[in-house]
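Just so we're clear, the structure is a prediction, and the values are computed from it rather than from any experiment. A, B, ... follow the sequence lines: proteins, then strands. Residue 1 opens every chain.
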Amino acid sequence: MNIIEIKGLKKDYPLGDTIVPALRGVDLDVAEGDFMSIIGPSGSGKTTLLNVIGCIDSATAGAVRVGERDITALTDRQITEIRLNKIGFIFQTFNLIPVLDVIENIEFPLLLMKSSAAEARGRADKLIEEVGLREYAAHRPAELSGGQRQRVAIARALVTNPDIVLADEPTANLDSVTGASILELMRRMNELEKTTFIFSTHDANVLKYARRIVKIKDGLIEKEPAPA
Amino acid sequence: MNLILTIAWRNILRHKGKSLVIGVILFTGAFLMTVGNGVISGMAAGIEKNIIDGFMGDLVLISDAQKSDNILLPMMGASIEPVTAYREIKGILAAQPYVKRFLPVGKNLAMVLDESTTAPGYAYLLGADFGEYRKMFPDNFTVLEGSYPAPGERALLVPTFARDEFYDFYNIWFLPAGGRVVKENLKKEALANFPTLNLSTSVVMMGMTSGLNTTNDIRFPVTGINRYGALNQIFGHFCLVDIESYRECLGYFTAADMAAQVPREEKKLLELEGSDLDSMFGGEEMIVSTAKKAPKLKAEAPKEAKLAGDGVYNAVFIKLNEGEDYGKALKELNKALAGKGVRAVTWNKASGPIGGMALIIKGALFLFVMLLFCVAVIIIVNTLTMAALERAPEIGMMRAIGAQKTFIAGMFLGETAVLSAVFGGLGVLAGIAAVKIIPLLKINTKNDMLQLLYGGNFFNPLLSLPDIALTALQLLFVTVVAALYPMRVAVNITPLDAVSRD
Ligand SMILES: Nc1ncnc2c1ncn2[C@@H]1O[C@H](COP(=O)(O)OP(=O)(O)OP(=O)(O)O)[C@@H](O)[C@H]1O
Ligand SMILES: [Mg+2]
């Protein structure tokens, strides 16, 4: 079953008097539980595509279905609900809440969902274990390395049991060894939690972790090679 | 809610400098507001106490013909209508259980006559029986020079405040008869001119009334210089004079007139439209002098005066028993006095704008603090808006992972609310502490201007619950107003702001 179905997705950015077509008619289906990588040259539209799927940017034209819902015409409140309940984000720049410690950062989305404190802590405890940061539970993000922060971000993205986890160049700010370990962890979590992962990357080294690779160029998906 | 407050609180600690700036502003505003309110409440209470205990009692009876209730310092020096049925009123007052004590007085303006000045000056006269006056207001003033007059004595007490004013106006320094210049009591300017000081031991005054009767100019011997213990700046306008001389000066009938001080030919019954003179003036004849056109100094005042007894007054000052309800007492008193041509009013009304002075100053303080808070709001808005923009990636990330706009708004409001509760609360507490401590220091003053601010001779600020509530409300208002714009900025940060694109 497909968790994401995209048909004829276009995204134009106005730039002065002209418009920049970032996506020019993308068709893409993503199967549930997939571990998929989007690659392409700089400016090809990777970030734009992930942002539209992740409901943090809107489509100019086309249909985007995430889970059961078409997300192209929703109110801010509804869109935010979808981001909270269906999607997990891992950012290139880690983006944790500086005043919360590791465990609090992980449980933050659950508290936004109005889960009880005990429930949230239980689930966060499980995930902090899985990303190997148990002894850092009481540390603030500023006291962690880049790789550790990205682990926290992974745990936070998974804590709500989302349908999809999106990661736009999650390893770009990490050295290659750490980047590889992060991808390994994501892959493991994908198998453990059965969550669909989509990540973009420049780095050919991390591509080996992907189960499926989608190439994008000038705002269009290139024909995929036959599955390996 | 818990989460919002946790984040708000930790953000405050994280951005200590910014929080401190906002905190200090809120603390200062709340502190000033609280102390200011305390000072003004203390002033109002002081003025109330000093007017009641030291000048006019709780309630004042005035003539029904009197238009304005304000008889203390009426507008344009308007004259006070006479109260004529005191003989009957006296009995009624004495029969009221809630009335503790009462004192009939004459109270009007007199023109001070002096050959050397063309422009006339004025003084307020308060006429009363000295014995009765002292029983009513035992320690309200001290006699600095001369002596406290004996009951029935013809006498004039000039307060230091009035003496200073006379000096400014007439360049005359008044002394009690037989007294000597007391240097410590000299006004600064007078002290500079000490060797050439123009001294006088008597003053000529002519009563001022609104044309019903003609008044007389009387030479009063100054028998003493007094100083009110509190509020000399207000009470010091009034020269205390024996009621007999007062009536003479105002042209009210006096017993002394009966003793043929004024030739029979110069007297004539005053024609009053259809009213019965006997009842109007307590059964006594009203005789006025008509011969006088240009005021000229009389050779001397009557020597042996007799008390006019239950003659004409302008007001009756009434003290009520401790804790008596004004509304109830007023109602009962006015009922008991129906048809006697008088009405009872509260001290507050009778003292006119002086009673309301505290309210005006309170309003001014409110405006001042609001102005202060306006500046505070501008600084806080600036600081918070900058904070919102600085935290755009963080806020955008929160939005991206599912925080609603209301959550972001709550976080900002929470931050401001915590700051305002903590620092504003501390400011209010510090203000309350200051207001409680100041009276213990027993700060007192003889300075007339400071006495006005203190509401008496002691600096006794006090705070009521409504004052504190008002401050809290103002703080709340400032908090909400200050948080509004930064909140808008923060709420409009989009998830896209979390994703860095170069
Ligand atoms: N906010 C914007 N306004 C105008 N043009 C934009 C905006 N965002 C993206 N673009 C343009 O859209 C195109 C796609 O950009 P996008 O960021 O999706 O590419 P990308 O594949 O993520 O590139 P990179 O590998 O450098 O991150 C580019 O030509 C970019 O210049
Ligand atoms: Mg990109």
Side-chain angles (χ1 to χ4, degrees), chain A residues 13 22 42-43 47-48 50-52 54-58 75-101 104-105 107-117 120 140-142 153 156-157 159-160 162 165-166 168-169 172-173, chain B residues 1-19 384 386-419 487-502:
Chain A
Y13 287 112
S42 185
T47 298
T48 307
L50 283 174
N51 285 349
V52 173
C55 302
I56 64 178
D57 209 350
S58 57
T75 65
D76 180 77
R77 179 161 279 279
Q78 291 168 319
I79 287 271
T80 307
E81 289 275 316
I82 290 176
R83 287 200 298 263
L84 177 61
N85 294 301
K86 309 277 182 207
I87 297 165
F89 276 100
I90 300 166
F91 301 90
Q92 182 182 329
T93 49
F94 323 135
N95 265 349
L96 302 174
I97 299 169
V99 296
L100 298 183
D101 63 27
E104 287 167 336
N105 261 290
E107 69 189 1
F108 181 77
L110 286 177
L111 295 176
L112 287 181
M113 290 169 93
K114 308 269 188 293
S115 297
S116 76
R140 295 271 178 100
R156 181 183 66 189
V159 79
T160 57
V165 171
L166 300 172
D168 189 14
E169 306 197 32
N173 283 9
Chain B
M1 198 59 215
N2 216 347
L3 180 65
I4 288 181
L5 282 182
T6 306
I7 294 178
W9 176 243
R10 291 197 192 160
N11 268 323
I12 289 171
L13 295 182
R14 181 165 182 241
H15 307 273
K16 282 197 189 75
K18 181 203 66 162
S19 306
L384 285 181
M386 268 159 60
L389 293 175
E390 269 168 33
R391 286 191 231 156
E394 186 186 328
I395 292 167
M397 173 271 289
M398 288 183 180
R399 295 280 286 131
I401 64 176
Q404 293 286 1
K405 286 184 170 187
T406 48
F407 181 87
I408 305 296
M411 203 173 71
F412 257 76
L413 197 61
E415 218 170 303
T416 331
V418 169
L419 277 178
M487 226 164 71
R488 247 183 73 96
V489 170
V491 156
N492 286 329
I493 290 172
T494 68
L496 276 175
D497 291 307
V499 240
S500 57
R501 292 198 196 218
D502 338 276

ask   = Between A/Ile87 and chain B, which part of the residue has a heavy atom less than 4.5 Å away: side chain, backbone, both or neither?
value = neither
ask   = Run the side-chain contact (heavy atoms from CB on, under 4.5 Å) check on A/Phe108 and B/Met398 step by step: do they pass?
value = CA-CA 9 Å; A/Phe108 181 77; B/Met398 288 183 180; 4.1 Å; yes
note = Of the listed A/Asp76, A/Val99, A/Leu84, A/Asn85, the one with the largest count of heavy-atom pairs under 4.5 Å with chain B is A/Val99
inquiry  = Could you measure the distance from the CD1 atom of B/Ile401 to the CD1 atom of A/Ile97? Nearest 0.5 Å is fine.
reply    = 5.5 Å
note = Checked A/Gly88, A/Gly54, A/Pro98, A/Cys55 vs chain B; the most non-hydrogen pairs under 4.5 Å come from A/Pro98
Atom of A/Thr93, atom of B/Ala498 and distance for their closest heavy-atom approach = OG1-O, 4.4 Å
note = Rounded to the nearest 0.5 Å, the OG1 atom of B/Thr406 sits from the CZ atom of A/Arg77 at a distance of 5.0 Å
request  = Give, for atom OG1 of B/Thr494 and atom CD1 of A/Ile56, the distance between the pair rounded to the nearest 0.5 Å.
outcome  = 8.0 Å
key: Minimum-distance pair of heavy atoms, taken over all atoms of B/Ala400 and A/Phe91   = CB-CZ, 3.8 Å
Sidechain N-carboxylate O distance under 4.0 Å for A/Asp101, B/Arg10 = no
request  = Between chain A and each of B/Arg391, B/Lys405, B/Gln404, count heavy-atom pairs under 4.5 Å; write down the option with the most.
outcome  = B/Gln404
message = Counting only non-hydrogen atoms closer than 4.5 Å, does A/Ile79 touch chain B with its backbone (N, CA, C, O), its side chain (CB onward), both, or neither?
response = neither
query = Which bit of A/Glu104 is near chain B, if near means a heavy-atom gap under 4.5 Å: side chain, backbone, both or neither?
reply = side chain
key: Residue pair A/Thr80 / B/Arg399: nearest heavy atoms and the distance that separates them   = OG1-NH1, 3.5 Å
request  = Can you measure from CG (B/Leu496) to CG (A/Asn51) and round to the nearest 0.5 angstrom?
outcome  = 5.5 Å
ask   = To the nearest 0.5 Å, how far apart are CG in B/Leu3 and CG in A/Leu112?
value = 6.5 Å
